[in-house]
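The next block holds one structure in the form of structure tokens; read it before the comments.
Computed from a prediction, not measured in an experiment: that's the story for all the values here. Computed over heavy atoms, backbone and side chain alike; hydrogens, waters and symmetry mates excluded. Just so we're on the same page: letters track the sequence lines, and every chain starts at 1.
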Amino acid sequence: MTHWKSRCQRIYSVVQAIPSGRVASYADVAALANLPRGARQVGRALRETPADLRLPWHRVLRADGRLAFAVGTEAAAEQTAQLQAEGIPCLRGRVDMARYRWQPELDELLWGPLAAAHDQSHPQ
DNA sequence: CTGATGACTATAG
DNA sequence: CCTATAGCCATCA
């Protein structure tokens with residue numbers, strides 16, 4: 001089946017999993033939700049997110065780091081504020097993806113269970 | 001079925 | 001930096 005609703009569930013789960021201080025692109029979220037070419041679907045899902053669900057939608061940006069909303073719009077202002085509130089600089093509607101992009105595997109390596117052993121054998 | 005529409009993306013110029 | 005174009009894919013008139 002894999003209906004729209006279940007896809008939304010997966011999309012929302014992935015977005016919910018983005019750590020504070022990190023961002024992801026629509027394509028990233030789609031890939032992690034098992035929707036390889038579903039970037040547009042991610043956008044649609046976020047657009048239709050129920051209000052009671054408190055989703056960190058502001059951590060989802062375009063692939064090049066620009067906001068999905070035009071600078072000057074209320075949504076862009078809110079998104080910018082939320083990002084900066086968690087330490088992510090957003091200038092001219094843009095975020096440095098190279099620096100703030102969420103990379104689950106890398107995070108696991110650096111901060112996960114393996115990190116301790118890795119740190120011991122590899123200080124600094 | 002067809003064409004239009006998006007909180008998208010990659011590539012060119 | 002920008003715009004233009006062509007893919008993309010679910011949904012809707």
Exercise for the section: Ignoring hydrogens and angles, state whether a donor on the side chain of A:E78 or A:Q82 is under 3.5 Å from an acceptor on the partner side chain. Expected result: yes
Handout entry: Result of checking A:I88, A:V23, A:L83 against A:H58 for side-chain contact (heavy atoms from CB on, under 4.5 Å)
Key = A:L83
Handout entry: Side chain A:Y12, main chain A:A45, donor-acceptor under 3.5 Å
Key = yes
Handout entry: Polar side-chain atom of A:Q79 near backbone of A:V60 as donor-acceptor pair, under 3.5 Å
Key = yes
Handout entry: Linked, directly or transitively: A:L46 and A:W102 (ILVMFWY side chains, under 4.5 Å)
Key = yes
Practice task
Spell out, yes or no, whether A:Y26 and A:V14 are grouped together once hydrophobic residues are joined by side-chain heavy atoms under 4.5 Å, including indirect joins.
Solution key: yes
Handout entry: Residues touching DNA chain B, which here means a heavy atom under 4.0 Å, drawn from residues 77-90 of chain A
Key = none
Fill in the blank from the handout: dist A:S6:OG -> A:I11:CD1 (nearest 0.5 Å) comes out at 9.0 Å
Exercise for the section: Can you tell me, in whole Å, how much space there is between the P of B:dA7 and that of C:dG7? Expected result: 22 Å
Fill in the blank from the handout: Readout for nucleotides 2-13 of chain C: B = base within 4.0 Å of protein heavy atom, S = sugar-phosphate only, - = neither; 5' to 3' it is -----BBBSS--
Exercise for the section: Please answer whether the main-chain N or O of A:A33 pairs with a side-chain N or O of A:R10 as donor and acceptor at a distance below 3.5 Å. Expected result: yes
Practice task
Starting at SG of A:C8, measure out to CZ of A:R44 and round the result to the nearest 0.5 Å.
Solution key: 8.5 Å
Exercise for the section: Answer yes or no: is there an ion pair linking A:D64 with A:R66, defined by an N-O contact shorter than 4.0 Å? Expected result: yes
Handout entry: Interface limits on DNA chain B, where chain A has a heavy atom under 4.0 Å of a nucleotide atom
Key = B:dG6 to B:dA10
